[in-house]
Structure formats: structure tokens, C-alpha cells
Amino acid sequence: MKNKFMQRAIELSIESINSGGGPFGSVITKGNEIISEGMNRVTVNNDPTAHGEITAIRQACKKLNTFDLNGYELYSNCEPCPMCLSAIYWSYIDKVYYANTRNDAHNIDFLDPIIYSELQKDNKERKIPMIQMMREEGLKAFEIWDKKIDKIKY
């Protein structure tokens, strides 16, 4: 089954290229069933967040009416970029299988290793300036959230 799921992710990556997107595809599964499929739609939708994994996560969450994909697995034709990896953690997916590496993606001009490297740096050392401001005012929302009794934790 695992090979079948990975094969489908690879097929989606090729479909994405043929329909104007980038070379990335993903499926989310549970047991022996594909729950959702996603392909890269960044250039098609003018949405830099529309990566294959993200589109598959969005579709699964909508279909299942939940933000919690605990118990599900994701197959991608490429090692997830930092954004997608974060979404995988936020959605509580159990396991990720991938074919190509971040360096394979870099070899065809994608930024994955550069972004992974940037994440290791202190904010002051990053290529994009990160400037903290108005922390005291910003903490107000966190204080309200912290005291909220009926919040849904995620």
C-alpha cells in the first residue's frame, strides 16, 4: 500500500507540472484509504502557501471537519519544506513518507535548504529583518486567551 500511496503522490506532482503548477504532490491516508490529495498550486492560484502538502491538509481538514489529523499519514514526492513541515506538526499528522530530498529540490532552484538554514539563525542574522515591537500591547490577546475557559486548544 505504501508504494501505491507514494506512486499517487508522484503522479500528482507530474499532474501539477502539466497543469501549470510546481513539481509537488501529496496524499493523506488512513489505513488503506486516500483521504485527500494535493498538488502545488502556487503559480496557478498566486498563493505562495499553496504547496502540495498544504493543499492536501486543507482538503483533509475540510472533508473531515477537523483541524486534528492525528492517526493519518502523509505521502509527498519531496521532503517537506519548513512551511509544510510546520503545517504537518500543527495538524498532528502521525507520519510522513517522502521521495525526493530538500537538496534535490534545491538542485532545481527551490529554496528549501536556504530556509532551513535561516531558521537556525538568530533573528538579527536573517536575510529578512525580524524586528520586535509593541510586545506589551501584543500580550493583551495572549492574556485574554490564557484566561478563556471555553477555548479549543490546538
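All values below were derived from every heavy atom in this structure, side-chain atoms included, with hydrogens, water molecules and symmetry-related copies excluded.
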Above 12 or not: heavy atoms from other molecules or residues under 6.0 Å from [atom1] of [X]?
X: N3; atom1: CG; answer: no
X: K127; atom1: NZ; answer: no
X: M134; atom1: CE; answer: no

In Å, rounded to the nearest 0.5 Å, how long is the span from [atom1] of [X] to [atom2] of [Y]?
X: C81; Y: I115; atom1: SG; atom2: CD1; value: 6.5 Å
X: S76; Y: E53; atom1: OG; atom2: CD; value: 3.5 Å
X: T29; Y: F5; atom1: OG1; atom2: CZ; value: 5.0 Å
X: E118; Y: N123; atom1: CD; atom2: CG; value: 10.5 Å
X: M130; Y: K121; atom1: CE; atom2: NZ; value: 13.0 Å
X: R8; Y: I10; atom1: CZ; atom2: CD1; value: 11.5 Å

Does [Y] offer a backbone N or O that forms a donor-acceptor pair with the side chain of [X] under 3.5 Å?
X: K151; Y: W145; value: yes
X: S36; Y: I57; value: no
X: S19; Y: E15; value: yes
X: D104; Y: T101; value: yes
X: N100; Y: N77; value: yes
X: T55; Y: M39; value: yes
X: K30; Y: G71; value: no
X: S16; Y: P23; value: no

Lys/Arg N to Asp/Glu carboxylate O, K140 vs E143, below 4.0 Å | no
Hey, is E79 close enough to R102 for a salt bridge, meaning N to O under 4.0 Å?
-> yes
[X] versus [Y], closest heavy-atom pair with distance:
X: L74; Y: S26; answer: CD2-OG, 4.3 Å
X: A87; Y: I54; answer: CB-CD1, 3.3 Å
X: N103; Y: P113; answer: OD1-CG, 3.6 Å
X: A99; Y: M6; answer: N-CE, 3.8 Å
X: P82; Y: L119; answer: CB-CD1, 3.6 Å
X: G25; Y: S13; answer: N-CB, 3.5 Å

Begin with the C-alpha distance, continue with both residues' side-chain angles, and end with the deciding distance and a verdict on side-chain contact (heavy atoms from CB on, under 4.5 Å) for I88 and V96.
-> CA-CA 9 Å; I88 288 163; V96 175; 3.8 Å; yes
Y92 and D68, any side-chain heavy atoms less than 4.5 Å apart | yes
Does I34 share a hydrophobic cluster with M1, counting links as ILVMFWY side-chain heavy atoms below 4.5 Å and allowing steps through other members?
-> yes
State plainly whether one hydrophobic cluster holds both Y75 and I14, where clusters connect Ile, Leu, Val, Met, Phe, Trp and Tyr through side-chain heavy atoms under 4.5 angstrom apart.
-> yes
Indicate, with yes or no, if the rings of F110 and F24 have centres closer together than 6.0 Å.
-> yes
Test side-chain contact (heavy atoms from CB on, under 4.5 Å) on I35 and V27 and set out the steps.
-> CA-CA 7 Å; I35 303 303; V27 297; over 6 Å; no
Test K95 against Y97 for side-chain contact (heavy atoms from CB on, under 4.5 Å), laying out the working first.
-> CA-CA 7 Å; K95 192 178 287 186; Y97 298 90; 3.0 Å; yes
With sequence neighbours left out, what residues match D47 under side chain to side chain contact (heavy atoms under 4.5 Å, CB included)?
-> N45, T49, A50, R58
Step by step, would you call I28 with E73 a side-chain contact (heavy atoms from CB on, under 4.5 Å)?
-> CA-CA 6 Å; I28 293 176; E73 296 180 340; over 6 Å; no
Whether W90 and Y154 hold their rings parallel, tilted or perpendicular, with breakpoints at 30° and 60° | tilted
